[in-house]
Amino acid sequence: MSVSVSSTDFINDLNEIQRRAATTIQGPVLVVAGPGSGKTRVLTYRIAWMLSQGIAPAEILALTFTNKAAREMKDRIERVVGAAAHQVWAGTFHSLFARILRIEAPHIGYPTNFTIYDTDDTKSLLSAIIKEMQLNKEQYNVNVVRSRISHAKSKLITPKRYAALPSLLEEDKMAKRPQFAEVYRTYMARCKQAGAMDFDDLLLRMYELLQSYPSVCQKYRQRFRYILVDEFQDTNELQYAIIRKLVHYEGSQRNVCVVGDDAQSIYAFRGATIQNILDFQKDFKAHGVKVFKLEQNYRSTGHIVEAANELIAYNKRQIPKTIRSEKGEGERIKVIQAMSESEEGRHVVNLIVEQKNRYHLRNSDFAILYRTNAQSRVFEEYLRHNNIPYRVFGGTSFYQRKEIKDVIAYLRLAINPKDEEALRRVINLPKRGIGQTTMEKVAAMAQAAGKPLWEVLDQVPVAARTAQVLSAFKNMVRGFVQKVQQIDAYEAALHILDQSGYIRMLQQDTTREGLGRQETVSSLLDSIQQFVDQDQEFEQEHTDKSLATWLQQVALMTDLDESSSTDDDYVTLMSVHSAKGLEFASVFVVGLEEHLFPSYLSRESAEGIDEERRLFYVAITRAERFLTLSYARSRYQYGKQRFNEPSRFLSEIDSRHLDLIGSAKSLVTPPVAKHLDSSPTASGGAKVQGAFYRRPRAQVLPDRVDPSTFKPSPPDQIQVGMRVLHIKFGEGKVLAIDGQRDKRMATIFFKDLPQVPQRRIMLKFAKLQILS
DNA sequence: GAAGTGATGTTTTTT
DNA sequence: ACATCACTTC
């Protein structure tokens, strides 16, 4: 079906080279797009142009890295061509392939309702495997193992291929993990058995599908006749292999357009390689690949662009290009020197206030960018102090909180009971008396039978009582599986949380944290409801409101993707990585110190430093008008104070672009009261300042009860309302007692435990003396 | 089986 | 500094 686009005037918004990049739609195209060169505009206009030429929207596949980028692209296409935009397949590699796999998975031995394992699930499964294989967990560090598996997958090395590669096996032997190949093999087998794919599997299995099933491959080749890839410099070998499968074959038109900038490649650590850009030119040479270089920068002022050019010139390998600004030279780049991280925070926030007033900027014009998420803390404190609204992106997201993962695990189980990680997570939550020992028996049996835990759950030889609990649990989940098929995601979630007793368990915890958890869960429920209600107005294929669909979507979500509907005027705090593709009037890049930025982990290799430099390049080119760089002479790391040199990147920018402030003076005379702190290790004002914000700590334990006069009373005499004495916790009042006989638990309020006065204590064991 | 205690490692970045 | 994990005690 074709869409009529009334006017193609929009194309005149583009400069000459942009226009050629947007309208050359037949054959392979490589667009090398410098920062701020209107890349997104070219991409969206290109799609709009295609539609105006009679190409059907459903024939277009546009691959991006974040959901946010995809959404923005769709929105912008919609503004040009209207509702047809919805039919373009635009999304992240992971989400689009997950969608395809949801249809095609049975070909490769997976159920259509497969689970997506996140990094935590992966790590937990790997730990279990390492334990079962009785391997040393220092030598088989889960993080190392996980990343090695991920890298293998991104290079298309399956366990089978891995085991046949002498160089890798040798490497493992040297690193004292000779069994790695076996761990890898087992891991993949267990994932498959659990009907689960991790992030890399979404790509690897997609490739497998195209590789091994010609008819399926044929289907998608015909369907996606035009393919666009954004941020091509951040694709890995596997992603490029999939693209090639879809577009590079006998008789193909090879209508593929990749857009990227080698200077902005910042994901080598997860297998991305700019080799793909070079390979692309080679692979499509015979088919007349056209290369367009966008070198005009529309975003930043002169000093910023020139500084970026000077900086990136220090990198070895790159595609030659010169970015030009058209905005005049603008303000110089400010450099803040601070004594400590807290002084850095204060200076940055003060400058934000000043710029806001002087230039009439909004909060949303500002971004504070840092190398590691842990650095956000100080800036948050000072922003809060100044009543400036802000939002922290990244870090521990909503979806990583324990209670959210618990709820999601229950929901996952209702869709796919074979999901091993979900099962382990909730089987004893609330407490059902299924402990470690029982689970070890279940795991051993499952392993012996080569079956998922779920299937052997009611066949394990355990005490009658435990067996009864296990089979009750299994029946409950069976009920969920049934139920979920008849109702929408929201109703399903309510039903499951209620029936499982999870809600009741949460409600019993009336501490402040407990109430917080209840709130978190209820906001998750809200978001499920929102999912059910949303876009009813579009007559889209997206009308599937099942729990399965919601889960698939949520598994690939990061908190970058959450839309905060209320109050959208806030200062943005995020890592440099997450800032890719964004722009702000005023940008602060903070923590410019050796060991931090560049990271100490990169210092060994030149490539490592080059990647850090590209990262810094990305950071500074986010700024439109104002750029401020800052570093602290000392900061707390690992609980200890560290002194770092200023980042080498600062000296790679010509000083004519720079303006040093807040500097030498404060280095000599710390501004804040020296007399308050006489300790020689404390370096002046910084520490005193910091202390102001430090949270009160140190839990004071009450004085021990004198053991010689302590006489425990028989447990069955303890009643609600009594005043009792506990050998460690001191005096308390019994608020409630629940459970029967041996299982009787008392909730007691201990007045001497200021942090968490309420404790639940098992009466059978606790030594309590009745006072009155 | 659960809760409390002490030791230990961890931090780069994200779909 | 913080969280996770093995270990002990109830």
Side-chain angles (χ1 to χ4, degrees), chain A residues 63-70 91-98 116-119 122-124 127 137-138 141-143 147 150 154 197-203 231 234-236 239 266-272 369-375 377 393-397 400 402 428 431-439 466 555-561 574-580 591 595-603 608 611-612 614-615 618-619 636-641 694-695 697 699 701 712 715 726-729 742-743 745 753 756 759-768:
Chain A
L63 295 161
T64 62
F65 267 80
T66 61
N67 297 307
K68 196 176 178 219
T92 65
F93 282 86
H94 292 87
S95 71
L96 291 180
F97 295 167
I116 298 171
Y117 273 178
D118 69 11
T119 311
T122 295
K123 286 205 287 203
S124 141
S127 301
K137 55 179 193 174
E138 273 98 69
N141 175 300
V142 261
N143 288 312
S147 102
S150 174
S154 71
M197 298 193 203
D198 65 19
F199 291 138
D200 300 308
D201 286 335
L202 292 174
L203 308 176
E231 309 283 10
D234 289 328
T235 52
N236 61 34
Q239 285 164 321
I266 55 175
Y267 283 105
F269 73 92
R270 67 177 203 209
L369 308 180
Y370 34 75
R371 178 67 243 268
T372 66
N373 283 310
Q375 286 166 258
R377 176 75 67 77
F393 293 85
T396 325
S397 85
Q400 283 168 350
K402 183 185 175 304
N428 202 27
K431 303 264 183 292
R432 298 187 173 91
I434 305 173
Q436 207 184 322
T437 329
T438 308
M439 282 315 286
T466 312
L556 298 171
M557 196 108 110
T558 65
D559 72 346
L560 225 56
D561 302 320
M574 56 169 54
S575 70
V576 179
H577 280 92
S578 343
K580 189 180 66 168
H595 288 229
L596 189 59
F597 200 171
S599 154
Y600 68 101
L601 288 155
S602 67
R603 96 199 98 121
E611 172 139 325
E612 296 285 313
R614 290 193 296 268
L615 194 54
V618 168
Y636 282 89
Q637 261 171 324
Y638 278 102
K640 279 205 298 270
Q641 197 180 23
R694 215 159 288 142
R695 291 199 213 105
R697 266 205 61 76
Q699 168 157 359
L701 272 176
H726 186 278
I727 186 106
K728 264 200 206 133
F729 299 155
D742 274 8
K743 292 262 159 84
M745 305 273 290
L753 300 176
V756 195
R759 306 273 171 141
R760 280 177 54 80
I761 289 182
M762 197 140 206
L763 288 174
K764 184 180 161 196
F765 299 121
K767 293 208 172 75
L768 294 167

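Labels below follow one simple rule: chain letters A, B, ... track the order of the sequence lines, proteins then strands, and each chain is numbered from 1.
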Between the protein and nucleotides 7-10 of chain B, which nitrogen or oxygen pairs are less than 3.5 angstrom apart?
residue, atom, partner, partner atom, Å
B/dT10, OP1, A/N141, ND2, 3.1

Practice task
Using atom CZ of A/F199 as one end and atom P of B/dT15 as the other, report the distance to the nearest whole Å.
Solution key: 8 Å
Problem - Integer-rounded Å distance: B/dT13 P and A/I266 CD1 - result: 13 Å
Handout entry: A/R371 side-chain proximity, nearest of B/dG1, B/dT15, B/dT13
Key = B/dT13
Exercise for the section: Ignoring hydrogens and angles, state whether a donor on the side chain of A/S150 or A/S147 is under 3.5 Å from an acceptor on the partner side chain. Expected result: no
Problem - Length of the CZ-P vector between A/F393 and B/dT13, whole Å - result: 17 Å
Practice task
Tell me what A/N428 touches on the nucleic acid: a base, only sugar-phosphate, or nothing, going by heavy atoms under 4.0 Å.
Solution key: sugar-phosphate
Practice task
Just compare B/dT15, B/dT13, B/dA3 and give me whichever is closest to any side-chain atom of A/H577.
Solution key: B/dT13
Practice task
Please report, rounded to the nearest Å, how far the C1' atom of B/dT13 is from the CG atom of A/L596.
Solution key: 12 Å
Practice task
Answer yes or no: does a side-chain N or O of A/N373 lie under 4.0 Å from OP1 or OP2 of B/dT11?
Solution key: no
Exercise for the section: Select base, sugar-phosphate, or nothing to describe what A/F93 touches, counting heavy atoms under 4.0 Å on all strands. Expected result: nothing
Problem - C/dT4 to B/dT13 separation - P atoms, rounded to the nearest Å - result: 16 Å
Practice task
May I have the distance from A/L96 (atom CG) to B/dT15 (atom P), rounded to whole angstrom?
Solution key: 15 Å
Practice task
Return the value, rounded to whole Å, for the distance between atom CZ of A/R270 and atom C1' of B/dT14.
Solution key: 5 Å
Completion exercise
With the side chain defined as heavy atoms from C-beta on, A/K431 is closest, among B/dT15, B/dT11, B/dA2, to B/dA2
Problem - N/O (side chain, A/T119) to phosphate O (OP1/OP2, B/dT15) under 4.0 Å - result: no
Handout entry: Short side-chain donor-acceptor distance under 3.5 Å, A/S578 and A/S575
Key = yes
Practice task
Would you mind classifying the nucleic acid contact of A/Y267 as base, sugar-phosphate or nothing, using non-hydrogen atoms under 4.0 angstrom?
Solution key: sugar-phosphate
Handout entry: Donor-acceptor under 3.5 Å (A/E612 side chain, A/F597 main chain)
Key = no
Problem - Between CG on residue A/D234 and CZ on residue A/R270, distance to nearest 0.5 Å - result: 7.0 Å
Handout entry: A/F269 over B/dT13, stacked by centroid distance under 5.5 Å, angle under 30°
Key = yes
Handout entry: Atom pair NZ (A/K580) and OG1 (A/T66), whose distance is rounded to the nearest 0.5 Å
Key = 8.0 Å
Exercise for the section: Return the value, rounded to whole Å, for the distance between atom CG of A/L202 and atom C1' of B/dT14. Expected result: 14 Å
Handout entry: Phosphate OP1/OP2 of B/dT11: any A/S599 side-chain N/O under 4.0 Å
Key = no
Practice task
Could you grab the distance from atom CG of A/N236 to atom CG of A/L203, nearest 0.5 Å is fine?
Solution key: 6.5 Å
Fill in the blank from the handout: Taking for A/S602 and for A/G433 the nucleotide of DNA chain B with the nearest heavy atom, the one nearer the 5' end belongs to A/G433
Practice task
Would you indicate, yes or no, if B/dT14 has its OP1 or OP2 atom less than 4.0 angstrom from a side-chain nitrogen or oxygen of A/S575?
Solution key: yes
Exercise for the section: Establish, for the pair A/K123 and A/Y117, whether the NZ or CZ atom is under 6.0 angstrom from the six-membered ring centre and no further than 45 degrees off its axis. Expected result: no
Practice task
Please state how far atom CZ in A/F65 lies from atom P in B/dT14, giving the value in whole angstrom units.
Solution key: 14 Å
Handout entry: Sub-6.0 Å ring centroid separation between A/H577 and A/F269
Key = yes
